[in-house]
Amino acid sequence: MSFILPLSSRGDEPFLDSRNSSGNGDSLATEMEQETSTSTSLIASSRKKNKYTANAGRFRIFGVDLCPDNVAVAMVYFVQGVLGISRLAVSFYLKDDLHLDPAETAVISGFSSLPWLVKPLYGFISDSVPLFGYRRRSYLVLSGLLGALSWSLMATFVDSKYGAVFCILLGSLSVAFSDVVVDSMVVERARGESQSMSGSLQSLCWGSSAVGGIVSSYFSGSLVDAYGVRFVFGITALLPLITSAVAVLVKEQHILGPTKVQNGLLTNPTFLESSRESIIQLLNAVRQPNVFLPTVFIFLWQATPQSDTAMFYFTTNELGFTPEFLGRVKLVTSVASLVGVGLYNGFLKNVPLRKIFLATTIIGTALGMTQVFLVTGLNRQFGISDEWFAIGDSLILTVLGQASFMPVLVLAAKLCPEGMEATLFATLMSISNGGGVLGGLLGAGLTQVFGVTKDNFDNLTTLIILCNLSSLLPLPLLGLLPRDGSDTVAKETVDIEMKSN
C-alpha cells in the first residue's frame, strides 16, 4: 500500500475549486495535469506494492524476501542475539569476581543501558553525516570494530568495577549504534506498507535475534563453567566483527564529492541549516498527539520496577543453580522468544494494540507471581523441582513478553516520516529504553530498601509481589494507544509525513 495516492487525492480539492471558477482552457489543462499526476502516483504505488513480490522466486522467511539488504539486517540482529553469550559471564563476573551486591549489580546493569538512551544522536549522525561516502555501511563497520575492542579489553585488562562499567558501556554503544542503522533500513522498507508486512519485517529482525540467542544460550553457561569468564569475553570479542563483514551486503549509493568533515563540519552553513531543519522536523513529529501519547504509554509501561537481579542472586547463592543450568534456562527463553515472535506474526499482528497490551500485561502479572513459589519453596510441595519450575516459568513469561513488545516496534516504525527514519525511530526506542533503565534503577532502589543482599533474601517475596503489581499501573492509560492497529496507524503516518515534510 502506498501513501502517495491519499496525499494526491487531498491535493485535488483546491484544483476542483479553481476549475469551477476558471475557463474551459484552464479546466482542460488542470484535468490533464491531474491525470498525469494520478498516473505517476499509480506507477509509484505499483512499484512500492510490488517491492516484496518482484523477486517471488527468492527464499522467503516470515514472508520477506532474503535480498542482500535483508540478509544484512537479519545478520546484524543475529549478532545482537548471539552476543548474549556474554551475559551470564558478566553477571558471574560482577557477583563472584568483583563481589558486588544485588543492588550494585542492578545499578551497573542500568548504567550499561545508557548508550541506548541517546539513540537519536546516532540516528542523526547516520542520517546527516556520511562516513566515507556512506550513511549506513560505514557505520556498521565502525560499530563492529568498537564492539570487538570493548570485549577484548574485558578479556585481558579489566579488573575493577569501573573498568568493567567502561567496557560494558563501550560494548553497549557498539550494539546500539548498529541497531539504529539497521532499524533505519527496516523503516525505509516498512514505510507505506501494510501493518501485516511491517509486522513481517519486524518478525524477521527479532526472529533473527532469537535464533542468535538460541545459538549462544547453552554454550554461555557451559563455557563459563569449563573455561571461566575471561575466555567467554574473548569469544565475544570476535562476534561484532560479523557486523563489520556483512556491511558489504548493504546496497547503498555512494555519496560523491568531498566529505563534510573536510569542508569543516561544524562551520558548514549547509550542514548547520540541515541540522536545524532535522531537529525541527523531529520535534514536529514527536509533538503530534498520535506519536506523543503512545510514546508516553510505552515509557510508563517499561518504567515499572524489576526484581531480576535479586532473583539471579537468589537462584545462584541460595538454590545453587550453576552457570551450565542457567545457560539451559537461557536456551529455553531464547526459544520462547522465537515462539513469541511466531505467535505475534501468526495470530496477533492484526489485533489492536490495546487488546494485546491488556491481555499480556494481566496474564504476565499473574504468572510473574509464581516466582514467589520458587522463593518460598512451595513448588516442591507440589512435587516440582526448583530447576523444572524455573524453566517453565521463564518459558511462559518470555513468550508473553516478546508477543507484547512486537507491536511497539511495528507502531514506531510506521510513524517515522521519510528522510529521518533513523532519527525518529531511534527517538521512540530511546524513550522506551529510558523507561526500562528507570525500571531497573527503581528495582535496585527497592532491593536496597528491602535489605535484599547476596546473603539475605528474607524480604525477596515482598519485592517480587510489589514489582509484579506495579506492572498493572499503566493499564488505565491504554486509551493513549491507537484504537485500531492498521487503519489508524496508516492515517496517522500520512498526517505525520504531511506535517513533518
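Side-chain atoms are counted along with the backbone in the values below, which use heavy atoms only and exclude waters and symmetry mates.
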Report task. Determine, step by step, whether Y122 and Y139 satisfy the ring pair (Phe, Tyr, Trp, His ring centres under 6.0 Å) criterion, reporting the C-alpha distance in whole Å, the side-chain angles of both residues, the deciding distance to 0.1 Å, and the verdict. Result -> CA-CA 10 Å; Y122 318 144; Y139 287 107; 9.9 Å; no
**Report entry** Exercise: identify the closest heavy-atom pair between L397 and G368
**Finding:** CD2-N, 3.9 Å
**Report entry** Test item: V246 and V76 side chains (from C-beta on) under 4.5 Å apart, heavy atoms
**Finding:** yes
Requested in this report: Step by step, work out the side-chain contact (heavy atoms from CB on, under 4.5 Å) result for F111 and V437.
Outcome: CA-CA 8 Å; F111 277 113; V437 171; over 6 Å; no
Query raised in the report: Will you find, in the side chains of Q80 and S209, an N or O donor that is under 3.5 Å from an N or O acceptor?
Result: no
Report task. Under the ring pair (Phe, Tyr, Trp, His ring centres under 6.0 Å) rule, collect the residues that match up with F219, sequence neighbours excluded. Result -> none
Requested in this report: Give me the ring orientation class for Y227 and F231: parallel if the planes are under 30° apart, tilted from 30 to 60°, perpendicular past 60°.
Outcome: tilted
Query raised in the report: Does W301 reach the side chain of T361, with side-chain heavy atoms less than 4.5 Å apart?
Result: yes
Query raised in the report: At what distance, to the nearest 0.5 angstrom, does CD1 of I298 lie from CG of N433?
Result: 11.5 Å
Query raised in the report: Just how far is it from atom OG1 of T447 to atom CG of L441, taken to the nearest 0.5 Å?
Result: 11.0 Å
Requested in this report: With rounding to the nearest 0.5 Å, note down the distance linking CG in N317 to CZ in F312.
Outcome: 8.0 Å
Query raised in the report: Taking C-beta and beyond as the side chain, do L475 and L478 meet within less than 4.5 Å on heavy atoms?
Result: yes
Report task. Would you check if the side chain of S178 reaches a backbone N or O of V175 as a donor-acceptor pair within less than 3.5 Å? Result -> yes
Requested in this report: Only counting residues at least two apart or in another chain, list the ones meeting side chain to side chain contact (heavy atoms under 4.5 Å, CB included) with L241.
Outcome: L145, A148
Query raised in the report: Is there side-chain contact between S217 and R328, with at least one heavy-atom pair below 4.5 Å?
Result: no
Report task. Spell out, as yes or no, whether a donor-acceptor pair under 3.5 Å connects the side chain of S244 to the backbone of V141. Result -> yes
Report task. Answer yes or no: is there a donor N or O on one side and an acceptor on the other, between the side chain of S138 and the main chain of L131, under 3.5 Å? Result -> yes
Report summary line: Sorted by chain and number, sequence neighbours left out, salt bridge (Lys or Arg N to Asp or Glu O under 4.0 Å) with R354 holds for none
Report task. Test side-chain contact (heavy atoms from CB on, under 4.5 Å) on V232 and F92 and set out the steps. Result -> CA-CA 12 Å; V232 175; F92 278 100; over 6 Å; no
**Report entry** From CA spacing to verdict: side-chain contact (heavy atoms from CB on, under 4.5 Å), S126, R136
**Finding:** CA-CA 7 Å; S126 175; R136 312 295 185 215; 2.7 Å; yes
**Report entry** Rounded distance (nearest 0.5 Å) linking atom CZ of F325 with atom NZ of K330
**Finding:** 14.5 Å
Query raised in the report: With no hydrogens and no angle check, is any side-chain donor or acceptor of S86 less than 3.5 Å from a backbone partner on A89?
Result: no
Report task. Flag the pair V73 / F78 as yes when at least one side-chain heavy-atom distance between them is below 4.5 Å, and no otherwise. Result -> no
Query - Backbone N/O of E324 and side chain of D225: donor-acceptor pair under 3.5 Å - result: yes
Query - Interatomic spacing from CG in L300 to CG in L480 - rounded to 0.5 Å - result: 8.0 Å
Report task. State, without any angle test, whether S220 and R87 hold a side-chain donor-acceptor pair at a distance under 3.5 Å. Result -> no
Query raised in the report: Any donor-acceptor pair under 3.5 Å linking the side chain of R230 with the backbone of M154?
Result: yes
Requested in this report: Using the test side chain to side chain donor-acceptor pair (under 3.5 Å), find all partners of D101 that sit at least two apart in sequence or belong to another chain.
Outcome: none
Requested in this report: Looking only at non-hydrogen atoms, find the nearest pair between H99 and K454 and report the distance.
Outcome: O-NZ, 3.6 Å
**Report entry** Set of residues satisfying salt bridge (Lys or Arg N to Asp or Glu O under 4.0 Å) with respect to D393, sequence neighbours excluded
**Finding:** none
Query raised in the report: Nearest 0.5 Å, what's the OG1-CG distance between T236 and L223?
Result: 9.0 Å
Anything under 3.5 Å between a donor and an acceptor, one on a side chain of residues 158-172, the other on a protein residue two or more places apart or in another chain? List them.
unit_1, atom_1, unit_2, atom_2, d
S160, OG, G163, N, 3.2
S172, OG, S112, O, 2.8
S172, OG, W116, NE1, 2.9

